[in-house]
Amino acid sequence: MRGARLVALGLVAALGAVGATSAPAAAAPPLVGAQWVTDVTASGARLHAEINPEGLATSYRFEYITAAAYEENLAASPPRDGFAGAALAPASGTVAIGGGSEAVAVVQSLAGHLVAATEYRYRVRAQSSGGTSLGPPRLLGSQESGVSFALPDSRAWELVSPSEKSGGAVGAPGALFGGGDFQAAVAGSSFAYSSASAFAEPASAPPVSEYLAGRTGGGWQNANLSLPIRAGAYGDRPDGSPYRLFAEDLSAAVLAGGDPCGAEAGCAEPVAPPSGSGGVSGWPELYLRENGTGSYKALFGAADLAHTAVAAASFEASLVGATPDLSHLVIATCAKLTASAVEVLADPGECDPEAQNLYEWSAGSGLTALNLLPGETTSTPGAAIAASVGAISAYGSRVYFSGSDGALYVRDGAQTKLLPETTGGGAAFQAASTDGALAFFTKAGHLYRYSASSQASIDLTPAGGVVGVLGVSGSGAYAYYQDAAGLWQWHEGSTSEIAPGAGVAAESNYPPETGTARVSAGGEVLAFLSAQALADYDSTGHTEAYVWGPPPGGGDARLLCASCRPTGERPEGEAALAGTPPNGSSPLPYRPRALSADGRRLLFESSDVLSTFDTNSATDVYQWEAQGEGSCQRPAGCIALISSGREPEGASFLDASADGGDAYFLTAASLVGSDPGSIDVYDARAGGGLPEAARPIECVGDACQALPSEPEDPNPLTLLRGPENPSVNFAGKKPHKHHGKKHRPRHRHKGGKK
């Protein structure tokens with residue numbers, strides 16, 4: 001009986017399950033898909049959407065309202081629907097689209113209904129007997145009417161590089177034997193740049209020459225900073241620009257002196273180092289150049305080199321970190337340069353390149369070995385700077401490095417401290433506060449914050465899953481990271497979600513050493529790249545630049561698209577932010593200032609058309625600035641061209657001053673009358689403009705021939721001067737055949753091809 005009852009109960013349960021599945025499903029409301037806008041003018045636009053009726057008779061209409069009214073609705077007390085009081089399209093009522101089960105494309109025209117240069121929000125409302133569905137709010141910006149091209153913020157283009165470049169051109173970051181050094185002074189009015197051409201009264205012509213331009217009342221003056229050394233001193237495989245880094249005000253620079261023997265076999269008479277530098281003849285050196293006086297200071301001298309058994313021909317040293325003013329420098333070499341350093345020899349006269357030592361140099365103390373482990377009095381080779389950017393404090397008192405054991409350490413004054421949780425390897429340094437008192441590192445998907453004073457590490461992400469750190473503030477109070485759930489802001493113990501979802505931040509944004517993301521000086525603003533549709537835009541998988549931060553006057557932080565079309569139309573190109581450019585085989589220990597210190601200006605590149613004046617179908621340089629900055633009054637901020645938008649080869653962003661008032665870019669366009677052609681550095685300077693210089697004398701005859709194209713793979717040896725042609729023979733003898741050939745570097749020119 002018990003078994004029969006169980007069978008009966010089972011049949012009842014089965015019949016109940018069948019009845020449950022066969023009951024009619026609840027009617028579903030329409031499904032709203034994509035929304036987008038096209039054909040935006042000063043007075044109208046076309047609104048599009050895709051709606052699936054889900055099998056029920058459905059009708060729709062669009063709602064649109066000015067952004068100002070939308071924000072007022074949301075800020076009301078109590079908050080109202082942002083579209084309260086919105087205009088309707090069509091105004092006559094809803095439009096029926098039937099009751100199918102497939103998406104239907106709908107469109108409505110707003111011709112004649114928009115006010116010029118005004119920002120709106122719109123959405124579609126679809127309804128059926130199953131309910132009402134609303135599309136997400138989207139942005140629409142009407143065009144300006146009757147305007148001519150003008151740079152934002154009363155900017156004016158100023159030619160930074162000289163108009164006369166001896167037939168050459170300015171190089172591009174990363175294109176000069178894998179490098180180049182391009183830096184703006186923190187306060188503007190000065191810029192350092194690289195070129196394969198030697199001009200501006202060069203003292204020598206290395207494969208990559210370095211220039212320093214300064215602004216005067218009459219224009220920009222350029223100086224060639226190339227070290228006067230033997231031709232070929234950087235060999236047949238130079239490592240980017242000899243200049244490795246400039247001080248933030250460009251008053252000083254660190255450069256590699258190259259091989260004093262050049263390419264000569266034997267080198268019986270090596271070139272003497274610069275007078276008064278303290279360098280040792282015959283040894284490759286690193287120098288600190290004082291640009292005001294033109295004097296050089298060798299970073300290691302005879303007393304330092306007396307410690308090493310490495311031969312001069314095998315000696316190598318590189319700059320891996322520095323304070324902003326270059327008063328403290330971090331040098332990596334496997335050689336023994338102090339009494340407390342340990343040198344590992346691989347062969348006689350050569351040290352093991354895997355057994356690197358780190359040294360800190362300062363003008364007052366000279367060289368000091370850094371990689372002494374806790375309690376040790378001699379160095380442990382195999383160390384590396386923790387990051388090329390951010391691992392040394394502003395005044396050089398703290399330096400973070402990784403040991404040969406894979407752990408992270410900080411040299412704090414004369415003491416070395418181990419960062420807890422980093423033993424056993426697997427930890428990755430991310431960034432540190434400006435004073436070095438706080439450091440951030442990741443391990444096994446967790447983000448930690450280390451305090452040098454307490455020597456303790458705190459796990460900021462107990463759940464783990466961290467895949468990348470975008471940056472931290474100078475005080476260490478803010479940190480931004482991406483995990484499997486979304487993009488987050490951490491601020492002194494509290495966490496705020498910026499956007500949900502894995503992969504919100506493109507991988508190019510991190511780590512802070514080389515990533516494209518930027519954090520404002522105070523930490524409240526983050527600029528980053530994303531290929532996901534965020535904010536009020538349908539970016540359709542294109543990479544765009546976004547800004548997260550509080551609105552003008554304070555309030556809750558919000559997410560804005562800085563590189564999306566101001567009209568709200570779908571993109572046709574990609575946005576890019578500058579990362580840390582390489583200078584040869586290693587990252588430059590400097591990142592261009594793409595985001596202003598206050599976070600209210602962002603300079604970026606875009607291959608999309610973000611302005612009606614952008615007509616070249618190429619990459620151009622743009623500026624986004626927040627509402628209230630300059631003349632911008634749009635709630636989502638204002639986007640404007642910085643480059644011309646007309647040059648067929650486009651333009652490249654180089655760097656900016658801390659406030660973004662000086663925005664430097666590279667272009668082949670002639671933007672001022674004194675520019676006769678070639679590739680030049682320009683400054684789009686806020687409140688700028690200079691007296692127009694006289695245009696160079698027009699070419700005549702053969703002098704008007706175009707510059708030849710730059711070779712795909714130039715050889716540095718082509719930059720060397722070969723033997724002169726033989727003199728004319730008047731004795732009736734057959735002239736001697738000359739097989740030597742003079743070479744010069746070739747460059748792109750206006751109207752030419754690369």
Side-chain angles (χ1 to χ4, degrees), residues 186 245 247-248 254 319-332 357-365 367-374 379 383-403 407-422 427-443 447-460 469-481 490-492 510-515 518-523 580 587-591 597:
V186 65
L245 184 66
E248 64 177 2
V254 177
L319 177 74
V320 294
T323 57
D325 62 358
L326 301 190
S327 61
H328 293 258
L329 308 172
V330 180
I331 298 168
N357 286 299
L358 295 176
Y359 301 90
E360 183 174 2
W361 178 93
S362 67
S365 303
L367 289 177
T368 304
L370 286 174
N371 54 311
L372 280 65
L373 299 188
S379 71
I385 190 78
S388 62
V389 177
I392 178 172
S393 64
Y395 300 105
S397 58
R398 296 184 177 97
V399 181
Y400 288 87
F401 67 93
S402 60
L408 295 176
Y409 299 89
V410 58
R411 186 68 177 176
D412 192 351
Q415 182 182 6
T416 301
K417 302 173 181 177
L418 169 70
L419 274 63
E421 310 296 337
T422 69
F429 177 88
Q430 299 295 327
S433 58
T434 302
D435 61 3
L438 300 170
F440 295 78
F441 64 91
T442 54
K443 185 175 181 180
L447 174 61
Y448 295 86
R449 187 172 79 157
Y450 165 79
S451 169
S453 59
S454 67
Q455 299 187 51
S457 297
I458 301 173
D459 187 354
L460 306 183
V469 176
L470 284 71
V472 304
S473 63
S475 65
Y478 290 85
Y480 295 87
Y481 64 92
W490 178 90
H491 174 47
E492 292 293 11
Y510 47 81
E513 178 185 20
T514 56
R518 296 292 194 281
V519 177
S520 63
T580 303
L588 193 70
Y590 174 81
R591 289 206 301 167

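Side chains included, hydrogens not; waters and symmetry mates left out as well; all remaining heavy atoms used. The structure displayed is predicted, hence computed values, not measured ones.
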Heavy-atom closest pair, residues Ser457 and Tyr450: OG-CD1, 3.6 Å
Distance-minimising heavy-atom pair for Thr323 and Tyr395: CG2-C, 4.0 Å
Rounded distance [0.5 Å steps], OG in Ser473 versus CD in Glu492: 8.0 Å
Under the salt bridge (Lys or Arg N to Asp or Glu O under 4.0 Å) test, residues paired with Arg591 that sit two or more places apart: none
With sequence neighbours excluded, residues passing side-chain contact (heavy atoms from CB on, under 4.5 Å) with Thr422: Ala407, Leu408, Leu418, Leu419, Ala427, Phe441
Derivation and outcome, side chain to side chain contact (heavy atoms under 4.5 Å, CB included), residues Gln430 and Tyr481: CA-CA 11 Å; Gln430 299 295 327; Tyr481 64 92; over 6 Å; no
Which atom of Pro324 lies closest to which atom of Ala394, heavy atoms considered: CD-O, 3.7 Å
Mutual orientation of the aromatic rings belonging to Tyr478 and His491 [parallel < 30°, tilted 30-60°, perpendicular > 60°]: parallel
Distance (rounded to the nearest 0.5 Å) between Tyr448 OH and Ile458 CD1: 11.5 Å
Ala383: partners by side-chain contact (heavy atoms from CB on, under 4.5 Å), with sequence neighbours left out: Leu358, Asn371, Phe401
Atom pair CG (Leu372) and CG (Asn357), whose distance is rounded to the nearest 0.5 Å: 9.0 Å
From Ile331 atom CD1 to Glu360 atom CD, the distance as rounded to the nearest 0.5 Å: 10.0 Å
Heavy-atom check, side chain of Trp490 versus side chain of Leu447, under 4.5 Å: no
Residues forming a side chain to side chain donor-acceptor pair (under 3.5 Å) with Glu421, sequence neighbours excluded: none
Side-chain donor/acceptor of Glu513 to backbone N/O of Ser388, under 3.5 Å: yes
Distance-minimising heavy-atom pair for Arg398 and Ala452: NE-CB, 3.8 Å
Beyond-backbone contact of Val519 with Val472, side-chain heavy atoms, under 4.5 angstrom: no
Straight-line distance of Lys417 NZ to Ser451 OG, nearest 0.5 Å: 8.0 Å
Close side-chain approach of Val389 and Pro512, heavy atoms under 4.5 Å: no
Inter-residue atom distance Leu367.CG - Tyr359.OH, 0.5 Å rounding: 8.0 Å
For Ala387 against Phe429, the heavy-atom pair lying closest together: CB-CD2, 3.8 Å
Partners passing side-chain contact (heavy atoms from CB on, under 4.5 Å) against Val254 (at least two apart in sequence or in another chain): Leu288, Leu299, Leu319, Leu326, Leu329
By side-chain contact (heavy atoms from CB on, under 4.5 Å) - contacts of Ser433 (at least two apart): Asp435, Ala437, Leu438
Exam field: side chain Tyr400 to backbone Ala431, donor-acceptor pair closer than 3.5 Å: no
Donor-acceptor contact present, side-chain Thr434 to main-chain Gly474, <3.5 Å: yes
